[in-house]
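Below is one structure, written out as structure tokens; comments come after it.
All values below were derived from every heavy atom in this structure, side-chain atoms included, with hydrogens, water molecules and symmetry-related copies excluded.
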Amino acid sequence: WHEVFYEDLVNDPVGQFRSMFTACGLGFDDRQELHCDNVLSLPYNAFSAIRVDKWRDGPNDDRIRRVFPKLEKVAIQMGYSG
């Protein structure tokens, strides 16, 4: 079992992917390290930067906050504080 959090991937893509590869019994070579080191500079969405908590200043902030009470139990189980 290996927990993976989006925030950790954004903050340390190389370390997190290396850890996931290791947990799966896979090698992690220089080519993969280079890719992971540069992955955040290659946005998958040209209109939005990759960053933690970007939803907070987005147009759906109020809609997301409304579902928080329904998700609190699951979020706590996933390691997020209540």
query: So, for G27 and F21, which heavy atoms are closest and what is the spacing to 0.1 Å?
result: O-CD2, 3.0 Å
task: Using the rule that two of Ile, Leu, Val, Met, Phe, Trp, Tyr join whenever any of their side-chain heavy atoms come within less than 4.5 Å, decide whether L40 and Y6 are in one cluster.
output: yes
- prompt: Is a side-chain N or O of E72 found less than 3.5 angstrom from the main chain of P69, in a donor-acceptor match?
  reply: no
message: Quick check: is F5 connected to M20 through a chain of hydrophobic side chains (ILVMFWY, heavy atoms under 4.5 Å apart)?
response: no
statement: CZ (F17) and CG (D8) are apart, to the nearest 0.5 Å, by 11.5 Å
query: Checking N60 side chain against R63 main chain: does a donor-acceptor pair fall under 3.5 Å?
result: no
query: Do F28 and E33 have side-chain heavy atoms sitting under 4.5 Å apart?
result: yes
task: Determine, using the 4.5 Å side-chain heavy-atom cutoff (strictly less than), whether V4 and V39 are members of one ILVMFWY cluster.
output: no
task: Please check if the side chain of N38 supplies one atom and the backbone of L34 the other of a donor-acceptor pair under 3.5 Å.
output: yes
task: Look at the side chain of T22 and the backbone N and O of R18, then say whether any donor-acceptor pair between them is shorter than 3.5 Å.
output: yes
field: Nearest-0.5 Å distance that lies between atom CZ in R66 and atom CG in D61
entry: 10.0 Å
field: Cluster overlap V10 with V14, hydrophobic side-chain contacts below 4.5 Å
entry: no
Path from L9 to M78 over hydrophobic side-chain contacts below 4.5 Å: no
